[in-house]
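What follows is a set of notes on a single structure, which appears directly below.
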Amino acid sequence: MSTLHAPVLAWYDANQRDLPWRRPEASAWSVMVSEFMLQQTPVARVLPVWEQWMERWPTPADLAAESTGEAVRMWGRLGYPRRALRLHGAATAIAEQHDNVVPADYDDLLALPGVGDYTAAAIASFAYGRRHVVLDTNVRRVFARAVSGVEFPTTSPTRAERDLASDLVPDDAPTAATWAVAVMELGALVCTAKEARCGECPIAQECAWLTAGRPAYDGPPRKGQAWDGTDRQCRGRLMAVLRGSEGPVHVTSLVTAWERTDQRERCIDSLLADGLMVRAGDETYALP
DNA sequence: CATGCGTGGAA
DNA sequence: TTTCCAAGCAT
């Protein structure tokens with residue numbers, strides 16, 4: 001039992017947010033939907049969309065019965081709309097191969113589209129109380145500071161980092177599941193990327209980074225994502241046009257949304273290839 | 001393993 | 001205003 005466990009668990013008990021997918025009555029499916037939406041998207045923006053999704057599609061089969069285009073439309077402005085396609089694909093697989101029940105087994109989860117190591121561990125842990133190493137960006141940052149004494153983790157998890165996180169997972173499954181969500185919550189609320197609120201931290205006494213005097217980040221420069229003029233911006237504009245229209249849109253609407261011809265056509269091609277858009281007619285496009 | 005993939009709020 | 005970045009995944 002690490003000296004970190006008791007203070008982190010006590011802090012979580014007193015400070016956890018009341019999020020709907022954490023309530024006792026939350027279904028495994030609702031947990032899964034939340035995990036997809038929370039991949040790179042803040043909680044505040046996920047909340048209203050999650051509510052709509054759960055009301056409209058309370059089980060995987062309900063979503064699987066709809067077109068992928070409806071999933072993309074309901075996804076709204078959460079960003080990375082391919083996640084909506086993958087969630088639809090995962091729902092279809094669950095309805096057809098798992099009797100409409102979200103799997104509890106890590107490997108079964110990992111086989112679903114849009115489910116990687118983090119999401120598989122998170123669903124198994126949060127929805128079913130299984131014992132897993134749940135390693136997201138929050139957890140990685142907390143361990144980087146508290147244990148390794150550096151301000152930010154590396155770009156991708158190293159073997160040593162995974163082993164360290166594994167060693168810290170409590171032995172019994174229920175405590176392990178609470179530990180996972182508790183460390184995540186600490187990283188989300190206190191030990192954040194923008195500001196480490198060490199005065200509020202339950203493990204400040206044990207923190208290697210704080211003890212070392214909060215040394216400045218010394219690793220390779222972390223490059224931000226380019227945006228202006230990128231294909232991502234272009235694709236976002238085109239998708240916004242489709243989402244905003246009841247039916248098919250004429251190509252002239254897409255030209256208005258993005259004038260540069262070569263880039264627009266490349267992005268239309270990529271959206272068609274991704275399955276986010278379909279040709280509805282000679283000069284019209286629509287959601288799938 | 002580095003890169004591409006949306007969006008908008010906060011500092 | 002600009003910059004940063006928020007529970008990753010697939011390739």
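All values derive from a computational prediction rather than experimental measurement. Naming convention: chains lettered A, B, ... in sequence-line order (proteins, then strands); numbering from 1 in each chain.
For residues 48-63 of chain A, proximity to DNA chain B is found at no residue, defined as any non-hydrogen atom under 4.0 angstrom from a strand atom. Scanning residues 234-248 of chain A for heavy-atom distances under 4.0 Å to DNA chain B yields A:Arg235, A:Gly236, A:Arg243. Within residues 138-148 of chain A, the residues having any heavy atom closer than 4.0 Å to DNA chain C are, in order of number, A:Asn138, A:Arg141. Interface residues of residues 17-34 of chain A facing DNA chain C, ordered by number: A:Arg17, A:Leu19, A:Trp21, A:Arg22; criterion, heavy-atom separation under 4.0 Å.
The closest side-chain donor-acceptor pair between A:Glu185 and A:Asn15, if any, does not fall under 3.5 angstrom. Judged purely by distance below 3.5 Å, without hydrogens or angles, the side chains of A:Arg232 and A:Tyr80 pair a donor atom with an acceptor atom. Using modelled atom types, one finds no donor on one side chain facing an acceptor on the other under 3.5 Å when comparing A:Tyr106 with A:Arg130.
Going from atom OG of A:Ser125 over to atom CD of A:Glu35 covers 9.5 Å, rounded to the nearest 0.5 Å.
Aromatic ring centres of A:Trp29 and A:Trp57 lie farther apart than the 6.0 Å criterion allows.
Residue pairs satisfying the ring pair (Phe, Tyr, Trp, His ring centres under 6.0 Å) criterion with at least one member in residues 155-210 of chain A, sequence neighbours excluded, are listed as follows: A:His5-A:Trp179. Pairs of residues two or more places apart, or lying in two chains, that qualify as salt bridge (Lys or Arg N to Asp or Glu O under 4.0 Å) and include a residue from residues 194-204 of chain A are A:Glu195-A:Arg197. Within the structure, the side chain to side chain donor-acceptor pair (under 3.5 Å) test picks out the following pairs touching residues 95-104 of chain A (sequence neighbours left out): A:Thr59-A:Asn100.
Closest-nucleotide positions on DNA chain B for A:Asp231 and A:Thr155 were compared, and the one nearer the 5' end corresponds to A:Thr155. Checking A:Ser156 against A:Arg232, the closest nucleotide of DNA chain B that is more toward the 5' end is the one next to A:Ser156.
Interface limits on DNA chain B: the 5'-most and 3'-most nucleotides within less than 4.0 Å of chain A heavy atoms are B:dT3 to B:dG8.
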Nucleotides 2-5 of chain C: which of its N/O atoms have a protein N/O under 3.5 Å away?
residue, atom, partner, partner atom, Å
C:dC5, OP1, A:Arg222, NH2, 3.1

Under 3.5 Å, which protein N or O atoms sit close to an N or O of nucleotides 9-11 of chain C? Give each pair with its distance.
residue, atom, partner, partner atom, Å
C:dC9, OP1, A:Gly116, N, 2.8
C:dC9, OP1, A:Thr119, N, 3.0
C:dC9, OP1, A:Thr119, OG1, 2.5
C:dA10, OP1, A:Gly114, N, 2.6

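Remark: A:Trp50 engages A:Trp21 in a ring-ring contact (aromatic ring centres under 6.0 Å, His included) (not counting sequence neighbours).
When the C1' atom is compared between B:dC5 and C:dC5, the two are found 15 Å apart, to the nearest whole Å.
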Atom pairs and distances, side-chain donor-acceptor, residues 36-46 of chain A, under 3.5 Å, sequence neighbours left out:
residue, atom, partner, partner atom, Å
A:Gln39, NE2, A:Gly114, O, 3.3
A:Gln39, NE2, A:Thr119, OG1, 3.0
A:Thr41, OG1, A:Leu78, O, 3.2
A:Thr41, OG1, A:Arg83, NH1, 3.3
A:Thr41, OG1, A:Arg83, NH2, 2.9
A:Arg45, NH2, A:Arg77, O, 3.1
A:Arg45, NH2, A:Leu78, O, 3.3

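Between A:Arg86 and A:Leu112, every side-chain heavy-atom pair lies at or beyond the 4.5 Å cut-off.
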